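Take a look at the structure set out below.
Residue numbers start at 1 and run along the sequence shown. Side chains included, hydrogens not; waters and symmetry mates left out as well; all remaining heavy atoms used. Everything numeric in this text was worked out from a predicted model, so none of it was measured.
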Amino acid sequence: MKRKGFLWMAMMLVAVGLAACGGKPSTPSLPTSSVEIASPTTEEAFANLALEGFKKGGCGACHVIPGVPGAEGTLGPDLSQIAEVAEKRLKSGEYQGRAHNVVDYLREAIVDPDAYVPSDCNGAPCQKGLMPANLSTLLTPAEIEAIVQYLYHRPEETVHATPIETTPVSISASLLSDEEFSWAKQVYFERCAGCHGTLRKGATGPALTPDVTQPKGTLALATIIFNGTPRGMPDWGKQGFFTPEQTEIMAKFLQMEPPSPPEMSLDQMKQTWKVMVPPDQRPSQPQTGRDWQNYFVVTLRDAGQVAVIDGDTYEVVTKIDTGYAVHISRMSATGRYVYVIGRDGRLSVIDLWSEIPQKVAEVQTCYDARSVEVSKYKGELGDFTDRYAIVGCYWPPHFVILDGQTLEPFKIVSTRGYTVDTEEFHPEPRVASIVASHFKPEWIVNVKEIGQIWLVNYSDPRNPTIKMIEAARYLHDGGWDATKRYFLVAANQSNKVAVVDALEGKLVALVDTPAVPHPGRGANWVDPQFGPVWSTGHLGDAAITSIGTDPLGHPDYAWKAVREITLPGAGSLFIKTHPTSPWIWVDMTLNSDPQLARTICVVAKADPSKPYKCWEVANYGRATHFEYNRQGSEVWVSVWGTADKPGQTGEIVIYDDRTLQEKARIPNLITPTGKFNVFNTVNDIY
């Protein structure tokens, strides 16, 4: 394909407009320039006009574009050879739009981007809506034609243009009213800080500091926020959380310097501390006739509650007010108490032995939190059962040790420190997952941004000894292998899983995985070829990765990624199985395709080469998180709806684990998310 005469062809197109493409009589023609446009008179000027258009449209936020400074995006297709790609699509019949030639194809992609959406964008499905639909009004006709011709010519044939200045400029707070700024600050904390950081320095999601966001511009940022991405970014606008106007406010907020969040002292924590039922006034034995060990404690995210549901009768026993957006619930070593941590840093403890489970104490230890654990060790070094609790915070970056019975906080330990790779100081190393060792009076604390795993000995909790193990940055969540000796934790943005030997207190391995592993607690099972394995799903790639976990019986496979199972899509948050189950269950909750987001799959352990079956759990919302009942005979799946949509707020769907047949639904729950069965959580069964 010869594409010479850049300036001559471009000037002709700009002057008269592209010829409209034919099509079916009922199909409108491609928009064309209707008036004569004053055109640049030199090739350099014309190329600069194209660069101005790329900059105005924020194109570099999503695409790689040759010759355009900072255009290194990966959300949309690489445009380096887009003309050749377009020609192949037109000839192969893959293309289903209205263009009849390459130039019209490129123009259609700008003025009517959803007319044809290709299937692949850098290894992930392309999606409608991510390309702004208003570029035809935002850009001048001359800029559109300049962009078309810039992309039509090979990079080596395109004349060198003067680089566009990309130095970030100060975004004034006056762009937002006080009310808009306050809204954006609070919503960012609630919805965004978990992935991007309170200081916006990035973790699971990319950094959103002004040097990164300002070159992208308001339009590109708003488009990404509204539509989400195939790699796990939620589509906040499509889900109804943000209006288009609110999306633009958030896009502007992200281009401003992050506001400085406050610290929290021990005295401030104690001001929030409440004991509703003192330990000596609590029952000495269970007061209920129900099987309380088969209770499910269910997060009702947007209601600020947890529901306690009877696993035998499916009755909602009670709903208890807790902190905002509860993240996890952890049972005490005895199973009697449930420790519930909200994203607002509020910790509640619930007594399941009461006739109706009730909250007996609460305290706020930070402004943003994700993890809680209790002391579980009982052995020759002492009995620490239910004696202490620990909360890991996102902001301020610290963990807090509390009395396990009353929740009185008494020790704060900062996690600020230096990264394992560059030894660079990090002001916000957040605490992600925490687990209690079965071998020693220790908690395994994962310090996210600096990539260290801390073994915190709580035998003397006011003077804890801490062993720091270097792993990989962006540690997130994980779980035990089947023997409960080895803890496997995903370093998600490093695309690795770290393995720690809790008995010997050392790092065993760093295992490479596909993009952004996100295991929850993972899934332990026996692979027919590789023996005992632990598996994780991924936010960034459509895959399940299994890692060998048997160094004695299967040493050749131990601590290696031995199997990768392809899923219909990426965006997996949770994976689950049970020792007696023939299946591995996996979701795709954060996939940008609404149908895949509410689809779950099962993989047969006997034939783990591919998914055995996939199906939609509901006709709305997102399917997420699995939990077995105490007997291991049922799997409970959440349908995560929208709190303000009656009939579609959310529900739990219960399946027979052997037949995969639906058994029951528990309707009208407000955005149910994590579900934690008492027996399985106490015994680390996953």
Give a yes or no on whether the backbone of [Y] and the side-chain of [X] come within a donor-acceptor separation of less than 3.5 Å.
X      : Y      : answer
Ser414 : Arg416 : yes
Asn446 : Ile453 : no
Ser572 : Asp587 : yes
Trp534 : Arg521 : yes
Thr365 : Val400 : no
Thr415 : Pro397 : yes
Glu428 : Leu199 : yes
Asp368 : Asp344 : no
Thr649 : Ala643 : no
Glu564 : Thr545 : no

What closest approach, in Å, do [X] and [Y] show between heavy atoms, and which atom pair accounts for it?
X      : Y      : result
Ala542 : Pro568 : CB-C, 4.5 Å
Glu449 : Thr419 : O-CG2, 4.0 Å
Met269 : Met264 : CG-SD, 3.7 Å
Thr673 : His625 : O-CB, 3.8 Å
Pro519 : Gly478 : CG-CA, 4.1 Å
Glu373 : Val435 : OE2-CA, 3.6 Å

- prompt: Stepwise, does the side chain to side chain contact (heavy atoms under 4.5 Å, CB included) test hold for Val413 with Val445?
  reply: CA-CA 12 Å; Val413 178; Val445 177; over 6 Å; no
task: May I ask you to decide if the ring planes of Phe574 and His518 are parallel, tilted or perpendicular, using 30° and 60° as cut-offs?
output: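 Ring orientation, 0 to 90° scale: perpendicular.
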query: Between Tyr188 and His196, what is the ring plane arrangement, given parallel below 30°, perpendicular above 60°, and tilted in between?
result: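 Rings of Tyr188 and His196: tilted, 30 to 60°.
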- prompt: After noting the C-alpha distance and the side-chain angles of Val516 and Gln493, does the key distance pass the side chain to side chain contact (heavy atoms under 4.5 Å, CB included) rule?
  reply: CA-CA 5 Å; Val516 196; Gln493 281 300 102; 3.4 Å; yes
- prompt: Hey, are Asp211 and Thr209 close enough side-chain-wise for a donor-acceptor pair under 3.5 Å?
  reply: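 Judged by distance alone, the side chains do pair up.
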Is there a side-chain contact between [X] and [Y] (heavy atoms, below 4.5 Å)?
X      : Y      : answer
Cys366 : Tyr394 : no
Met588 : Asp593 : no
Val489 : Val500 : no
Trp636 : Ile666 : yes
Leu347 : Val349 : no
Ile401 : Trp443 : yes
Asn492 : Leu539 : no
Phe181 : Met256 : yes

Nearest-0.5 Å distance, [atom1] of residue [X] to [atom2] of residue [Y]:
X      : Y      : atom1 : atom2 : result
Thr299 : Ile341 : OG1   : CD1   : 11.5 Å
Trp183 : Ile249 : CH2   : CD1   : 6.0 Å
Ile450 : Tyr418 : CD1   : OH    : 11.0 Å
Lys319 : Ile670 : NZ    : CD1   : 6.5 Å
Arg301 : Leu669 : CZ    : CG    : 15.5 Å
Asn495 : His538 : CG    : NE2   : 7.5 Å

Tell me whether [X] at atom [atom1] has more than 12 heavy atoms from other residues, nucleotides or ligands lying less than 6.0 Å away.
X      : atom1 : result
Asp644 : CG    : yes
Lys56  : NZ    : yes
Glu423 : CD    : yes

Measure from NZ or CZ of [X] to the centre of the six-membered ring of [Y] and say whether it is under 6.0 Å with the direction within 45° of the ring axis.
X      : Y      : value
Arg343 : Trp395 : no
Arg200 : Phe253 : yes
Arg330 : Tyr339 : no

message: Walk me through whether Arg473 and His426 qualify under side chain to side chain contact (heavy atoms under 4.5 Å, CB included).
response: CA-CA 11 Å; Arg473 294 185 68 182; His426 199 293; 3.7 Å; yes
query: So Arg346 and Asp321, salt bridge (charged side-chain N to carboxylate O under 4.0 Å, His left out) or not? Walk me through it.
result: CA-CA 11 Å; Arg346 190 172 300 278; Asp321 292 334; over 6 Å; no
- request: Output, in order, the C-alpha distance, side-chain angles, deciding distance and verdict of side chain to side chain contact (heavy atoms under 4.5 Å, CB included) for Cys59 and Val68.
  value: CA-CA 10 Å; Cys59 306; Val68 179; over 6 Å; no
